[in-house]
There are 2 protein chains.
Amino acid sequence: MPAARRSSPRDLAELATRTEALRGASLAELAWGLAFELGGDGVRTKGKVGQLIERALGATGGSSASRDFPDLGVELKTIPIGVRGVPTESTFVCAIALGVDEATPWSASWARAKLAHVLWVPIVGEGAARKVGAPFLWRPTSAQDSQLAADYDEAMGILGLGGVEGLTARTGRWLQVRPKAPDGRKRATAVGPDGEWIATVPRGFYLRSKFTGAILRDAAATP
Amino acid sequence: MPAARRSSPRDLAELATRTEALRGASLAELAWGLAFELGGDGVRTKGKVGQLIERALGATGGSSASRDFPDLGVELKTIPIGVRGVPTESTFVCAIALGVDEATPWSASWARAKLAHVLWVPIVGEGAARKVGAPFLWRPTSAQDSQLAADYDEAMGILGLGGVEGLTARTGRWLQVRPKAPDGRKRATAVGPDGEWIATVPRGFYLRSKFTGAILRDAAATP
DNA sequence: TAGGATCCACTGGTGGATCCGT
DNA sequence: ACGGATCCACCAGTGGATCCTA
């Protein structure tokens with residue numbers, strides 16, 4: 001099995017080498033090699049896989065870093081793949097700063113910065129049988145960037161006009177807005193219909209699985 | 001010994017009753033009654049006494065509450081008293097919001113709100129022999145409030161003019177400004193000499209022991 | 001002696017995502 | 001199928017103060 005990694009990769013080539021070494025490894029053996037508690041099953045282990053892969057690749061930050069590999073400008077995202085070879089879930093991108101992002105253009109947004117260069121690591125299968133698929137570095141094409149920008153602008157436009165409660169996950173072709181909170185409590189504030197501040201649930205950006213599925217197919221077709 | 005208290009007191013009378021019941025109790029017996037780890041000695045137990053008294057009186061919040069007894073508008077402060085009957089330390093009031101408080105008048109300040117109504121609980125003696133002295137509720141007299149306002153205005157004036165690095169603990173007759181951070185690191189920002197933002201160490205307001213000593217004497221003289 | 005430095009507990013917010021009714 | 005709801009780990013910040021040299 002791949003050796004445990006703790007130091008951060010120095011360049012993209014080293015990151016690529018390390019990532020390739022993970023390919024085909026089962027999550028169980030990775031966890032064992034890093035003395036990582038993966039947890040058996042479902043609901044109480046939601047973020048564990050992502051953190052396991054971070055450690056296996058020597059990602060810095062843990063949290064509070066703007067990206068997983070700040071020196072390389074690369075963001076790491078795991079993506080669960082089902083038996084049919086397509087993503088089983090949408091992908092969380094980042095939180096929305098309500099009251100701030102409405103006035104931030106896509107070109108300067110946190111979301112765009114995170115998506116500018118992503119190392120996608122597919123996790124294939126279910127439960128204890130999950131293993132690492134074929135990872136790949138990705139940058140959005142200019143066409144993809146344009147559509148993401150359009151989705152972003154649409155959502156931020158709705159928020160800016162006081163439509164936070166009308167902005168559902170149905171808005172956006174590839175990039176959508178959904179709740180992002182440990183519970184349903186209204187711990188954030190946003191502009192309401194009449195321009196006043198109202199309490200609301202925190203939101204985040206997510207990529208629809210249609211989009212990540214398309215990225216995966218492109219990557220498979222262009223080795 | 002006094003019984004363990006967990007619910008919050010409903011009114012000032014109940015708070016006074018509970019507080020009076022603590023008088024003369026040793027910290028060791030209070031801790032035992034509440035199953036509280038007081039810790040043996042010095043450096044690793046700095047805030048323990050305050051938290052013990054909070055629990056003994058049923059203070060709410062723990063943290064993040066604006067006051068210890070929000071419904072009563074009362075702040076709880078323990079104050080260490082040495083063998084000569086005078087405070088051995090200054091008293092921390094609250095943190096300074098650098099970049100905000102400079103523009104906040106004393107009348108609207110967090111510091112004034114905290115000091116508006118304080119339950120002082122003297123802690124008499126040293127080490128394992130410490131016990132609760134004679135607690136008392138206090139409100140600043142208008143003369144005291146004026147002097148505190150003057151100290152506050154002086155300090156905030158210096159900060160507003162970019163003098164953060166020149167504002168030492170020597171400024172202020174009763175209310176002083178001192179560092180407030182787990183380490184000496186510059187984790188806050190303030191306006192510098194040339195109007196630019198500079199990194200600096202977080203600060204807090206403290207009451208000089210001269211002042212708390214005077215309050216104590218007044219309380220002893222007016223039973 | 002007191003100004004500047006430091007220590008612990010606790011928790012809200014963030015980053016990692018997946019769960020689960022309709 | 002997917003929109004809305006939820007779960008865990010981690011850490012910086014806050015609130016409780018006292019330590020410790022020059």
Side-chain angles (χ1 to χ4, degrees), chain A residues 36-37 39 41-55 59 61-68 75-80 86-95 97 110 114 123 168-171 176-185 187-188 201-204 206 208-210, chain B residues 36-37 39 41-55 59 61-68 75-80 87-95 97 114 123 168-171 176-185 187-188 201-204 206 208-210:
Chain A
F36 189 96
E37 273 297 331
D41 60 327
V43 63
R44 309 223 175 272
T45 64
K46 291 187 181 179
K48 291 290 179 63
V49 173
Q51 289 156 8
L52 171 62
I53 302 299
E54 283 180 353
R55 299 231 330 231
S63 76
S64 90
S66 54
R67 292 194 188 79
D68 296 297
E75 173 74 14
L76 172 66
K77 289 289 177 194
T78 61
I79 179 170
V86 296
T88 58
E89 284 290 350
S90 56
T91 299
F92 173 68
V93 179
C94 62
W110 185 14
K114 283 223 167 194
I123 304 296
T168 74
R170 291 175 183 82
T171 297
Q176 63 180 174
V177 171
R178 302 226 304 279
K180 176 69 168 91
D183 48 56
R185 290 194 324 207
R187 298 187 288 93
V201 59
R203 319 291 167 115
Y206 294 78
R208 292 183 185 276
S209 48
K210 280 183 195 173
Chain B
F36 188 97
E37 273 297 332
D41 59 328
V43 62
R44 310 225 173 270
T45 64
K46 292 188 182 178
K48 290 289 178 64
V49 173
Q51 289 155 10
L52 171 62
I53 303 299
E54 284 179 353
R55 297 231 332 230
S63 76
S64 89
S66 54
R67 290 191 188 80
D68 295 297
E75 173 74 14
L76 171 66
K77 288 289 176 195
T78 61
I79 178 170
T88 57
E89 283 291 350
S90 56
T91 300
F92 173 67
V93 179
C94 62
K114 284 222 166 191
I123 304 297
T168 74
R170 291 174 184 84
T171 298
Q176 63 179 173
V177 171
R178 299 224 307 277
K180 175 69 169 90
D183 47 56
R185 289 195 323 205
R187 298 189 286 93
V201 58
R203 318 291 167 116
Y206 294 78
R208 293 183 185 277
S209 48
K210 281 182 196 174

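Hydrogens, waters and symmetry mates play no part in the numbers below; they use all other heavy atoms, side chains included. Chain A is the first sequence line, chain B the second, and so forth, proteins listed ahead of strands; every chain is numbered from 1.
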Atom of [X], atom of [Y] and distance for their closest heavy-atom approach:
X        : Y        : value
A/Leu76  : A/Asp68  : N-OD2, 2.7 Å
A/Ala169 : A/Arg208 : O-NH2, 2.6 Å
A/Pro202 : A/Ala181 : CD-CB, 4.0 Å
A/Lys77  : A/Thr91  : CD-CG2, 4.0 Å
A/Pro179 : A/Val201 : CB-CG2, 4.3 Å

What does nucleotides 2-9 of chain D look like as a protein-contact string, B for base, S for sugar-phosphate only, - for none, at under 4.0 angstrom between heavy atoms?
-> -SBBBBSS

With heavy atoms under 4.0 Å as the rule, sort B/Pro202 into base, sugar-phosphate or nothing.
-> nothing

Base, sugar-phosphate, or nothing: which does A/Glu75 touch, judged by heavy atoms less than 4.0 Å apart?
->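 Sugar-phosphate: the residue A/Glu75, judged by heavy atoms under 4.0 Å, touches backbone atoms but no base.
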
5′-ward residue of the pair B/Ile79/B/Cys94 relative to DNA chain D | B/Cys94

Separation of atom [atom1] in [X] from atom [atom2] in [N], rounded to whole Å:
X       : N      : atom1 : atom2 : result
A/Lys77 : C/dA17 : NZ    : C1'   : 8 Å
A/Ile53 : C/dT18 : CD1   : P     : 11 Å
B/Glu54 : C/dC8  : CD    : C1'   : 13 Å

Value rounded to 0.5 Å, distance of CD in B/Glu37 from OG1 in B/Thr45 | 11.5 Å

Under 4.0 Å: is that the gap between some side-chain N or O of B/Arg187 and OP1 or OP2 of D/dA12?
->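 For B/Arg187, the contact criterion (side-chain N or O under 4.0 Å from OP1 or OP2 of D/dA12) is not met.
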
